[in-house]
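What follows is one structure encoded as structure tokens, with my remarks underneath.
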Amino acid sequence: MKILYVVRDRSDLDYRSRLYSALTGRTAFGQDCFFESAMDMACEITRRRTMDAIPELPNLLGRYDALVANYKLEVPGGEIQRHELLKRLGSSSIPSILFINKAVANFVPEDDVLDRFDLVFKREHFRDLDRYPIANRNKAKLRATMLGLMPSALWLFDRHHNARRNLSGPAYRHDVYFNGSTSSAVRTDVWDTVVDSRLSSIGGLQLTRYRGDRERRHETKKFGFRRHLKTMSASRINLALEGWGEFTFRHLEIWGMGSFMVSTKSLRDLVLPLNVREGEHFVVFEDLDDLRDKLSHYAHNDTERERISEAGRAMFLRDYDLARHGEEIREAIQGCSA
């Protein structure tokens, strides 16, 4: 299957990611790479920037089987043109697919944009589609994709997981770990609760969106990735807290490491391309009182905690599957033209 892929605007990526993208045309990790890498494995992809793709639109039939547009495509002249460009791309003569890589689950564009596309792949969309203020015909187009990880992270997960299992002494040095930015107010509330508990904790907050006195009380430097994984491995409980969006890299990292996850409850509302089940692969807390109870419970119940940890890792090893997701993408696109 031949795909014309209108890529995202790369200007907001960090230097290393921009360099990788310039050399390969792909995203190394992040919002795009799980979907992009999966699509690469199942289809023959031609990548175009927005204004290079527009002149090709009259001549797509016979050259490509489908067009895929990244929602964060380059928008020359200002943000107001984004939806007009998307509507133009979605009205092509071949099946058209929109890839929405916004972090928040509640975002979808209006019906007048979605109507132009045959299919919509959205990062971690709501399980309850009625939460979206769009027509049923467009709700039916939604398919789930998600964040992706660097290939090197997968190797590091195995290394740290195996090292913990082979320790001759105690595996854990901390009860609770979290290290992340103040991208949502709930993170400050949660870390207040952890620090005020009787459990041993490590980590803290980097000040971004919220910079009040409470946040400054918990300010700490961001851990490097290897230290982050090592600390996760040495902690009985790892917190996965919503940030800019409901689903974060931390969720994938905890599952990949075979560590124990306590997550904000928004995780249960999402559809992922992973077969995850609450109580089997992760635990959520309803409010801060429930968090206190669950931290105390799981810090002192090794057997139950380890069962969930290992089940989460087994699920991740089975379901974080680029080839399978690529086939899901390809089959969904083929269904548009059937």
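These numbers come from the heavy atoms of this one structure, side chains and all, not from hydrogens, waters or symmetry mates.
In this structure, the side chain of R47 does not engage the main chain of V7 through any donor-acceptor pair within 3.5 Å. Between the side chain of T182 and the backbone N or O of T208 there is at least one donor-acceptor pair closer than 3.5 Å. A donor-acceptor contact shorter than 3.5 Å links the side chain of R82 to the backbone of L73. Remark: side-chain polar atoms of Y320 are paired, donor with acceptor, to backbone N or O of L149 under 3.5 angstrom. A donor-acceptor distance shorter than 3.5 angstrom exists from the side chain of H251 to the backbone of T248, with no hydrogens or angles considered.
Closest approach of Y132 and K122 over heavy atoms only: OH-CE, 3.6 Å. The two residues M315 and L274 have their closest heavy-atom pair at SD-CB, 4.0 Å. Contact between V194 and S201 at its shortest, heavy atoms only, is CG1-CB, 3.6 Å. Taking both residues in full, the closest heavy atoms of S183 and G243 are given as OG-CA, 3.1 Å, listed atom of the first, atom of the second, then distance.
A salt bridge links R268 to E286: at least one charged side-chain nitrogen sits closer than 4.0 Å to a carboxylate oxygen. Using a cutoff of 4.0 Å between basic side-chain nitrogens and carboxylate oxygens, K87 and D115 are not scored as salt-bridged. For the pair R330 and E327, the salt-bridge criterion is met [side-chain N within less than 4.0 Å of a carboxylate O]. Note on E74 versus R8: no salt bridge recorded, every NZ/NE/NH1/NH2 to OD/OE distance being 4.0 Å or above. Between D192 and R217 a salt bridge is recorded (basic side-chain N to carboxylate O distance below 4.0 Å). Salt bridge D290/K265: absent, no basic N to carboxylate O contact under 4.0 Å. Looking at K139 and D111, no side-chain N of the basic residue comes within less than 4.0 Å of a carboxylate O on the acidic one, giving no salt bridge. We find that E253 and R250 are joined by a salt bridge, their nearest charged nitrogen and carboxylate oxygen being less than 4.0 Å apart. A salt bridge does not link E310 to R313: none of the charged side-chain nitrogens sits closer than 4.0 Å to a carboxylate oxygen. A salt bridge links D175 to R236: at least one charged side-chain nitrogen sits closer than 4.0 Å to a carboxylate oxygen. Classification of D118 and K141 as a salt-bridged pair fails, no side-chain N sitting under 4.0 Å from a carboxylate O.
Looking only at side-chain heavy atoms (C-beta outward), V120 and N138 stay at 4.5 Å or farther from each other. Between M261 and H281, every side-chain heavy-atom pair lies at or beyond the 4.5 Å cut-off. Looking at heavy atoms from C-beta onward, I3 lies out of side-chain contact with E44 at the 4.5 angstrom threshold. The closest side-chain heavy-atom distance from V284 to T264 is not below 4.5 Å. Annotation: side chain of W244 is not in contact with side chain of S184 (no heavy-atom distance under 4.5 Å). Side-chain contact check for E246 versus L270: some heavy-atom pair is nearer than 4.5 Å. In this structure, L229 and F223 have side chains that are not in contact, with every pair of non-hydrogen atoms separated by 4.5 Å or more. F282 places a side-chain heavy atom less than 4.5 Å from the side chain of V276.
Within 6.0 Å of atom CZ in R198, 12 or fewer heavy atoms from other residues, nucleotides or ligands are found, so the atom counts as exposed in its surroundings. Heavy atoms of other residues, nucleotides or ligands lying less than 6.0 angstrom from CZ of R214 number more than 12. Around CZ of R307, the count of heavy atoms belonging to other residues, nucleotides or ligands within 6.0 Å exceeds 12. More than 12 heavy atoms of other shown residues, nucleotides or ligands fall within 6.0 angstrom of atom CZ in R292.
Cation-pi geometry between R131 and F126 is satisfied (NZ or CZ under 6.0 Å from the ring centre, within 45° of the ring normal). Figure legend: R305 and Y172 shown as a cation-pi pair, the cationic atom lying under 6.0 angstrom from the six-membered ring centre and within 45 degrees of its axis.
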Inset, instruction - List the steps, then state whether side chain to side chain donor-acceptor pair (under 3.5 Å) holds for D65 with Q334. - result: CA-CA 9 Å; D65 298 301; Q334 286 176 332; over 6 Å; no
Legend entry - side-chain contact (heavy atoms from CB on, under 4.5 Å) assessment of L119 paired with R143: CA-CA 8 Å; L119 201 64; R143 302 292 185 276; 3.8 Å; yes
Legend entry - Y177 and H228: CA distance, side-chain angles, deciding distance, ring-ring contact (aromatic ring centres under 6.0 Å, His included) verdict: CA-CA 9 Å; Y177 170 54; H228 165 64; 5.7 Å; yes
Inset, instruction - Before giving the answer on side chain to side chain donor-acceptor pair (under 3.5 Å), spell out for N275 and D319 the whole-Å C-alpha distance, their side-chain angles and the decisive distance to 0.1 Å. - result: CA-CA 7 Å; N275 186 24; D319 291 351; 5.0 Å; no
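The hydrophobic clustering, which links ILVMFWY residues whose side-chain heavy atoms are closer than 4.5 Å, places L252 and I237 apart. L57 and L86 fall within the same hydrophobic cluster, defined by Ile, Leu, Val, Met, Phe, Trp and Tyr side-chain heavy atoms under 4.5 Å apart, directly or through other members. Linking Ile, Leu, Val, Met, Phe, Trp and Tyr whenever their side-chain heavy atoms come within less than 4.5 Å puts L60 and V6 in one cluster. Hydrophobic clustering (ILVMFWY, side-chain heavy atoms < 4.5 Å, transitive): Y298 and M257 are in distinct clusters. Hydrophobic clustering, with ILVMFWY side chains joined whenever heavy atoms are under 4.5 angstrom apart, groups F34 together with L98.
Relative ring orientation between F35 and F121 is described as tilted, the plane-to-plane angle lying within the 30° to 60° band.
Side-chain rings of F107 and Y71 approach one another, their centers coming within less than 6.0 Å. Between F99 and Y5, a ring centre-to-centre spacing not shorter than 6.0 Å is recorded.
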